[in-house]
Amino acid sequence: MKKAMESGSYLASQINLALYTGTAEIVGLDSAIDSAGTYAALAKATYAEWQGTVLANGGTPRALTKALLDEMDRSIFTASGRKADVILCSPAVASKYEALLDAIARVQVSRGDVSPLKQGGPSIADSGMSDGFTGLDFRGTPIYRDKDAPDQMQFLQLSDIDLRSLPSNPDAAPVGFVERMLTDDHGQSSGLQVRFEKLGNTGNNTKWNMYTHLQLVVNHPNRHGRIEDLIV
């Protein structure tokens, strides 16, 4: 059971990483809120509502500035009439933002080692979110850091983001299986349902396979955006 719990934490961490940059089994935010390409088989060039806001610099890193933050906030509002309700970034980018405010800010630093991208949508009171809260905000939008986030600033509407699991078919279930929710390193439920299936024994060892089928779902990509090419 201890090995199963540890394997579950590892699987949750790999899923969390794929939620940002995945392109295969899980299509991550990189594709979902991009300004070009396709998402969910729809061409972003054809459907303006499917285009996220991306502020890039041609691959050349530049400093994080208030002007960049203002441009992102303005662009998302112009495209959708909404503003982001959360900003996600890497620990390094969070430190860069904090440096902009060092002269005036009083910062409450938390661990930031739990993914805020949880099924069903997080809240500030959620343990997973509070661990990542930097104590900072931009125009009232709280900023969270995630150990798996790329060196970008992701401006997101969490009400438009969901992580959906494919339900298991009990009629097709093999003999000897268990379903349970994955927990993180703090014992908190991640909202991810996995199945343990019993495999063949080798001597006194009992082997199990653990898997899940899930996908990140982003509605209204024009309500989201990211700032790329930042110096960290």
Side-chain angles (χ1 to χ4, degrees), residues 12-22 26-35 39-40 42 44 49-55 69 72-91 93-94 97 108 110-165 181-184 186 188-193 212 214-228:
S13 180
Q14 295 303 301
I15 291 172
N16 189 50
L17 179 62
L19 294 180
Y20 290 105
T21 59
I26 295 177
V27 179
L29 289 173
D30 265 7
S31 297
I33 65 175
D34 205 353
S35 58
Y39 179 61
L42 295 178
K44 292 176 179 287
E49 189 177 356
W50 229 231
Q51 299 172 11
T53 297
V54 178
L55 300 183
L69 296 163
M72 174 58 70
D73 178 72
R74 181 173 62 252
S75 297
I76 292 177
F77 185 79
T78 300
S80 66
R82 304 282 291 271
K83 70 185 295 291
D85 55 22
V86 67
I87 299 173
L88 301 183
C89 60
S90 67
V93 172
Y97 181 78
Q108 174 185 342
S110 300
R111 290 190 298 271
D113 51 358
V114 179
S115 171
L117 292 178
K118 286 190 172 183
Q119 185 174 10
S123 66
I124 293 177
D126 188 319
S127 171
M129 287 296 282
S130 61
D131 277 347
F133 186 44
T134 62
L136 301 170
D137 66 82
F138 175 70
R139 291 186 175 178
T141 302
I143 298 175
Y144 293 86
R145 60 182 180 175
D146 186 340
K147 66 181 180 62
D148 296 316
D151 289 328
Q152 305 169 353
M153 294 197 84
Q154 313 263 358
F155 288 64
L156 307 175
Q157 272 277 344
L158 290 183
S159 60
D160 289 321
I161 299 178
D162 193 14
L163 190 60
R164 299 182 185 174
S165 298
M181 291 289 182
L182 286 182
T183 58
D184 56 37
H186 303 295
Q188 301 291 328
S189 174
S190 66
L192 301 175
Q193 185 170 339
T212 182
L214 52 87
Q215 190 55 262
L216 182 70
V217 178
V218 178
N219 298 306
H220 307 286
N222 64 332
R223 297 178 181 176
H224 314 271
R226 65 174 178 264
I227 302 176
E228 300 179 348

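As the structure is a prediction and not an experimental result, all values here were calculated from the model. Residue indices begin at 1 and follow the sequence shown.
Here the closest heavy-atom approach between residue S165 and residue T212 is recorded as OG-OG1, 4.4 Å. Of all the heavy atoms in S35 and G52, the pair that sits closest is CB-O, 3.3 Å. Nearest heavy-atom pair across Q154 and Y20 is NE2-CD2, 4.3 Å. Of all non-hydrogen atoms in L17 and D148, the two that sit nearest each other are CD1-O, 3.7 Å.
In this structure, the separation between NE2 on H224 and CD1 on I161 is 5.0 Å, given to the nearest 0.5 Å. Rounding to the nearest 0.5 angstrom, the gap separating the CG atom in L156 from the CD1 atom in I33 is 5.5 Å. A distance of 6.0 Å separates CG in D30 from CD in Q152, rounded to the nearest 0.5 Å. Once rounded to the nearest 0.5 Å, the distance linking CD of Q215 with CG of L163 reads 8.5 Å. Considering CD1 of I26 and CG of L19, their distance stands at 5.5 Å, rounded to 0.5 Å. Atoms CG and CG, from L69 and L55 in turn, are 9.5 Å apart once rounded to the nearest 0.5 Å.
Applying the side chain to side chain contact (heavy atoms under 4.5 Å, CB included) test to D85 and every residue at least two apart in sequence or in another chain returns Q157, L158.
Residue pairs meeting the salt bridge (charged side-chain N to carboxylate O under 4.0 Å, His left out) criterion with at least one member in residues 151-160, sequence neighbours excluded, are D160-R223.
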message: Working note: D73 + T141, criterion side-chain contact (heavy atoms from CB on, under 4.5 Å); need CA distance, chi angles, decisive distance, verdict.
response: CA-CA 10 Å; D73 178 72; T141 302; 5.8 Å; no

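Between F155 and F138, the two ring planes are perpendicular [angle over 60°; tilted spans 30° to 60°].
Of the possible polar contacts, none joining the Y97 side chain to the C89 backbone as a donor-acceptor pair under 3.5 Å is found.
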